[in-house]
Amino acid sequence: MRLAFGIGLVLALSASTALAADNPAPLQIVVSKDQQSLVVYDGDTVIATSNVSTGKAGHSTPTGIFSILEKRRFHKSNIYSNAPMPFMQRLTWSGIALHASNHVPAYPASHGCVRMPEDFARHLFKMTGRGAHVLISDRQLTPAAIADPFLFQPTASEPALLSDVPLRPSVSQVHSKAVEVATVEPSPLKAAPLANGDEPPIRMLITRRGEREITLDVQALLNGRGYAVGIPDGYAGPLTVEAIKAFQTAENLAVDGKMTPTFVEALYAKAGKGKPPNGQLLVRRDFTPLFATPVVIAQPEIALGTHFLQFQNIDASTGKGEWFAMTLDNAVPGPMKKRLGITVEEDAMAFNAIQRTMSRIAIPEDARRRINDLLTEGSSLTISDMGIGQETGDGTDFVTITRAPKS
């Protein structure tokens, strides 16, 4: 799909913005740095477009997967001399945001934020709620519907779901004529109302396990085998090193006190735990961690890539919904590739890249059932090699940085 982006505001208000403020669609916002454009999607339908201006050389805008953390109608930068940032929608607590500006040229010109024309910024502010996803990429991304047995679906139970009243109007059910955007602005401290009136949508991240997660497992398993390491804390201190050496001696392994793959595999086998998990699935809701579970990634030498999927359009008669997916370029740094053992890059433009990645991930059935029970309109899933970045913390969803700003 080719999209043209003119100066100012271009709104296609025949779908999500036509919905009442009590019943918003789970929108996706896509920013292209190459095209200096912003596109708002409801599923795979374009709702609104605008020109933007992203970060200039030395203050580039990071690429990755973000969500709106905070909204302020009037805001001033605490970094750049109280510069005005009206209709600010924060993406990171380190200072990246969408905001209005009276200087939005057709080239990168900001200090890292995404500048928008004021008319468009005002309307976008009314369309979004806290938690709405924003993807920033070098190239233009377009969501596409995807169906795969790997993907979660809600557990069918509630008789009310069999009602013939739709959970929210679909694009085809909304009048196609342009309408006025609602004038009520969402509170900056309150998440957007839910389309199905249920719990807030969940956010999921599947990524590689880090050293801390592996160390926690090793400490718990060593304790269970009688090699005392104290309370597992995820840090390999002297007690843990001595316990590893004792296990290696008992099992006729090379004694070096290190958590090598050979040692970890032997410890798992001795504990009857099968193959060591090399991945993890983490779940958050309303910016708060819910739970995490280990997963197994087959062919770990092949990069997972970076993929974003959003769940929506729950059908009232079946209780099932649709998934829409996008793949971002995956710029794994060299040291990270070495640490993770990645020797084969993932081609973001390859056919069925997402399906090939999902086919390599095994999720425990109990975790899958729990997620099916939690799944609601607007839930999302990110799959990435990048791990839990520094921007992910208290008061955020999972923030995935695919390319950090250049200074």
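Since the structure is predicted, the reported quantities are computational estimates derived from the model, not experimental observations.
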Check the pair Thr293, Gln280 against side-chain hydrogen bond (donor to acceptor under 3.5 Å, both in side chains), reporting the backbone distance first and the verdict last.
CA-CA 6 Å; Thr293 185; Gln280 56 184 332; over 6 Å; no
Taking only Lys NZ, Arg NE, NH1 and NH2, and the carboxylate oxygens of Asp or Glu, determine whether Asp217 and Arg209 approach each other closer than 4.0 Å.
yes
Donor-acceptor pair, Thr215 side chain versus Tyr235 backbone, under 3.5 Å?
no
Without hydrogens or angle criteria, can the side chains of Glu199 and Thr376 be said to hold a donor-acceptor pair below 3.5 Å?
no
Without swapping roles, check the side chain of Thr207 against the backbone of Gly387 for a donor-acceptor pair under 3.5 Å.
yes
Could you check whether atom CG of Asp34 has more than 12 heavy atoms from other residues, nucleotides or ligands sitting under 6.0 Å from it?
yes
Measure from NZ or CZ of Arg73 to the centre of the six-membered ring of Phe125 and say whether it is under 6.0 Å with the direction within 45° of the ring axis.
no
Distance-only polar pair, side chains of Thr400 and Thr382, donor-acceptor under 3.5 Å:
no
Is there a donor-acceptor contact under 3.5 Å from the side chain of Asp42 to the main chain of Ile47?
no
Indicate whether any N or O donor in one side chain lies under 3.5 Å from an N or O acceptor in the other, for Lys71 and Thr128.
yes
We want to know whether Gln248 and Asp256 form a side-chain donor-acceptor pair, criterion being a heavy-atom distance below 3.5 angstrom.
yes
With a 4.0 Å cut-off on N to O distance, would you call Asp315 and Lys320 a salt bridge?
no
Could you tell me whether Arg360 sits above the aromatic face of Phe150, with NZ or CZ closer than 6.0 angstrom to the six-membered ring centre and within 45 degrees of the axis?
no
If you measure from the Lys or Arg side-chain nitrogens to the Asp or Glu carboxylate oxygens, is any gap between Arg139 and Asp329 under 4.0 Å?
yes
Decide if atom CD of Glu211 counts as having more than 12 heavy atoms of other residues, nucleotides or ligands within a radius under 6.0 Å.
no
Establish, from distance only, whether the side-chain atoms of His307 and Ser384 form a donor-acceptor pair under 3.5 Å.
no
Treating Gln219 as the side-chain partner and Asp233 as the backbone partner, does any N or O pair qualify as donor plus acceptor under 3.5 Å?
yes
Quick one: list whatever passes salt bridge (Lys or Arg N to Asp or Glu O under 4.0 Å) with Arg370, sequence neighbours left out.
none
Quick one: does any side-chain atom of Ser110 pair with a main-chain N or O of Gly55 as donor and acceptor, under 3.5 Å?
yes
Just by distance, do the side chain of Glu265 and the backbone of Thr262 share a donor-acceptor pair under 3.5 Å?
no
Around atom CD of Glu301, are there more than 12 heavy atoms from other residues, nucleotides or ligands closer than 6.0 Å?
yes
